[in-house]
A.B. asks: 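The following block contains the structure, expressed as structure tokens.
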Amino acid sequence: MSQLYESMNDVFTSLPVKIYRHHIHEKYFTVPLHWHRSIEVTVTFSGSILFNVSSNNFDSKESDWIIVNSGELHSCRYINETDDFVGVSIIISVPFLEKWIGKHLFYNALPDPAVSEQIRTIAHNVYDMDTSKENTPLLLMSEVYHLLYVLSEYCAKSDVPENTSQSKSDLLKTSEEFTEYIETHYREAISLNTIAEHFKYSASYFSRLFKELYGVNFHSYLNFVRCNHAAQQLSSGRINLTKCAYENGFPNTKSFITTFKTIYGCTPKAYWNEMNP
């Protein structure tokens with residue numbers, strides 16, 4: 001299993017930004033469900049890759065681009081075994097964004113051709129930079145600030161509610177505790193009530209807090225985790241769908257198939273066929 005961000009990573013200490021240049025030509029490729037506190041802008045130069053962001057699927061092809069907001073669950077994979085992917089990801093820290101654009105913002109990838117052209121131009125300029133040159137950090141700075149302008153002018157929305165009851169460090173610690181608990185117990189018949197009781201919250205408060213932290217509700221996240229582990233089993237060659245369903249916390253095969261298809265865009269059997277030709 002490959003990782004999308006293990007290819008060349010150009011980190012410039014002058015900016016809290018990471019640049020990842022992707023050259024992925026492997027037969028099978030998938031990045032498991034994950035999240036981070038930064039904003040990610042990924043542009044596809046060539047090839048095709050399927051992004052899943054907060055339970056929505058995006059088939060990213062040549063010249064497409066996508067924004068992943070802070071805290072949004074996302075994963076990606078090839079649609080077909082013959083796919084490849086060349087592109088760039090620009091990962092920007094939230095404090096840096098907040099300093100220049102503002103706090104408590106949500107970013108949308110607009111379909112506007114003019115906006116898309118600006119994003120693609122920035123991405124290509126960043127991708128083509130010669131890191132051996134002395135002035136490259138300055139060029140990167142200019143492109144990053146151009147990107148901030150585009151995000152601020154066309155993509156930022158201020159409709160995300162602010163949580164005033166907990167500090168950011170407390171929220172991060174809380175989200176990590178939630179993640180660890182679910183990773184430990186996803187095979188079990190856990191429910192909103194049981195996990196809320198474990199953390200000594202009311203079910204209604206836990207539900208609101210979880211949605212604010214992750215951008216999806218508890219059951220959606222739990223299904224993401226279960227399907228992700230099931231997909232890893234299928235990739236390794238296992239085909240007993242009933243056993244796979246039960247081992248990953250699904251009550252029956254029908255529920256497993258329906259949920260897996262919603263998240264991955266295909267049935268578990270079709271996914272197995274792709275991974276095991």
Side-chain angles (χ1 to χ4, degrees), residues 1-7 20-36 39-69 71-91 106-124 126-127 147 150-151 154-155 214-216 220-221 223-228 230-232 234-235 256-277:
M1 181 180 297
S2 298
Q3 294 296 319
L4 180 62
Y5 308 112
E6 67 184 8
S7 52
Y20 295 91
R21 302 172 180 179
H22 310 303
H23 313 263
I24 302 171
H25 303 284
E26 299 179 12
K27 187 174 182 180
Y28 305 119
F29 172 74
T30 181
V31 175
L33 188 71
H34 66 286
W35 62 278
H36 43 67
I39 302 296
E40 173 182 337
V41 178
T42 294
V43 180
T44 301
F45 295 153
S46 64
S48 178
I49 195 166
L50 180 70
F51 279 92
N52 185 288
V53 182
S54 295
S55 75
N56 296 310
N57 288 323
F58 302 93
D59 184 5
S60 185
K61 298 183 182 297
E62 183 176 351
S63 298
D64 288 342
W65 62 287
I66 190 170
I67 296 178
V68 179
N69 283 272
E72 281 194 306
L73 292 166
H74 57 290
S75 62
C76 58
R77 66 178 180 86
Y78 284 164
I79 299 175
N80 302 300
E81 64 177 80
T82 56
D83 287 341
D84 57 21
F85 175 64
V86 177
V88 65
S89 293
I90 304 174
I91 315 293
F106 188 87
Y107 300 89
N108 290 319
L110 299 180
D112 186 295
V115 175
S116 297
E117 181 60 29
Q118 290 190 65
I119 294 290
R120 287 193 293 267
T121 299
I122 293 169
H124 277 286
V126 169
Y127 187 89
L147 177 59
V150 174
L151 294 178
Y154 304 107
C155 305
Y214 294 93
V216 295
S220 294
Y221 181 84
N223 284 333
F224 275 130
V225 172
R226 286 172 169 169
C227 284
N228 178 57
Q232 292 182 43
L234 294 171
S235 297
F256 173 42
I257 293 173
T258 301
T259 305
F260 193 95
K261 187 174 182 180
T262 298
I263 293 176
Y264 279 83
C266 64
T267 65
K269 186 174 182 179
Y271 183 85
W272 183 89
N273 287 333
E274 288 183 14
M275 296 296 103
N276 303 275

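Note that the coordinates shown come from a computational prediction; the quantities given were computed from them, not determined experimentally.
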A.B. asks: What distance do Asn69 atom CG and Phe106 atom CZ have between them, rounded to the nearest 0.5 Å?
C.D. replies: 4.0 Å
A.B. asks: Carefully, step by step, assess Asn223 and Tyr221 under the rule side-chain contact (heavy atoms from CB on, under 4.5 Å).
C.D. replies: CA-CA 5 Å; Asn223 284 333; Tyr221 181 84; over 6 Å; no
A.B. asks: Stepwise, does the ring-ring contact (aromatic ring centres under 6.0 Å, His included) test hold for Tyr127 with His23?
C.D. replies: CA-CA 11 Å; Tyr127 187 89; His23 313 263; 5.6 Å; yes
A.B. asks: In sequence, state the C-alpha distance, the side-chain angles, and the governing distance for Lys261 and Cys266, and then conclude on side-chain contact (heavy atoms from CB on, under 4.5 Å).
C.D. replies: CA-CA 4 Å; Lys261 187 174 182 180; Cys266 64; 5.7 Å; no
A.B. asks: Run the ring-ring contact (aromatic ring centres under 6.0 Å, His included) test against Tyr271 and tell me which residues pass, sequence neighbours left out.
C.D. replies: Phe260, Tyr264
A.B. asks: Contact between Ser63 and Thr44 at the side-chain level, heavy atoms closer than 4.5 Å - yes or no?
C.D. replies: no
A.B. asks: Report yes or no: do Glu40 and Thr42 form a side-chain donor-acceptor pair below 3.5 Å?
C.D. replies: yes
A.B. asks: To the nearest 0.5 angstrom, please state how far the SG atom of Cys155 sits from the CG atom of Asn108.
C.D. replies: 7.5 Å
A.B. asks: Apply ring-ring contact (aromatic ring centres under 6.0 Å, His included) to Tyr154 and list each qualifying residue two or more places apart in sequence or on a separate chain.
C.D. replies: none
A.B. asks: Ignoring hydrogens, what is the shortest heavy-atom contact between His22 and Ser89? Give both atom names and the distance.
C.D. replies: NE2-OG, 2.8 Å
A.B. asks: Does Asp112 reach the main-chain N or O of Ala114 with its side chain, forming a donor-acceptor pair under 3.5 Å?
C.D. replies: yes
A.B. asks: Would you sort out whether Val115 and Trp65 count as a side-chain contact (heavy atoms from CB on, under 4.5 Å), showing the intermediate values?
C.D. replies: CA-CA 11 Å; Val115 175; Trp65 62 287; 4.0 Å; yes
A.B. asks: Measure the spacing between OG of Ser75 and CG of Asn52 and express it to the nearest 0.5 Å.
C.D. replies: 4.5 Å
A.B. asks: Would you check if the side chain of Asp64 reaches a backbone N or O of Lys61 as a donor-acceptor pair within less than 3.5 Å?
C.D. replies: yes
A.B. asks: So, applying side chain to side chain contact (heavy atoms under 4.5 Å, CB included) with Val41, which one of Ile66, Ile67, Val88, Ile91 is it?
C.D. replies: Ile67
A.B. asks: When rounded to the nearest 0.5 angstrom, what is the spacing between CD in Glu117 and CD1 in Ile122?
C.D. replies: 10.5 Å
A.B. asks: Is the centre of the Phe51 ring less than 6.0 Å from the centre of the His74 ring?
C.D. replies: no
A.B. asks: Can you tell me how far the CD atom of Glu62 sits from the OG atom of Ser46, to the nearest 0.5 Å?
C.D. replies: 6.5 Å
A.B. asks: To the nearest 0.5 Å, what is the distance between SG on Cys227 and CG on Leu234?
C.D. replies: 9.5 Å
A.B. asks: Start with the C-alpha distance between Val68 and Ile39, add both sets of side-chain angles, then the distance that settles side-chain contact (heavy atoms from CB on, under 4.5 Å), and finish with yes or no.
C.D. replies: CA-CA 6 Å; Val68 179; Ile39 302 296; over 6 Å; no
A.B. asks: Just by distance, no angles: are the side chains of Ser48 and Asp59 close enough, under 3.5 Å, to form a donor-acceptor pair?
C.D. replies: yes
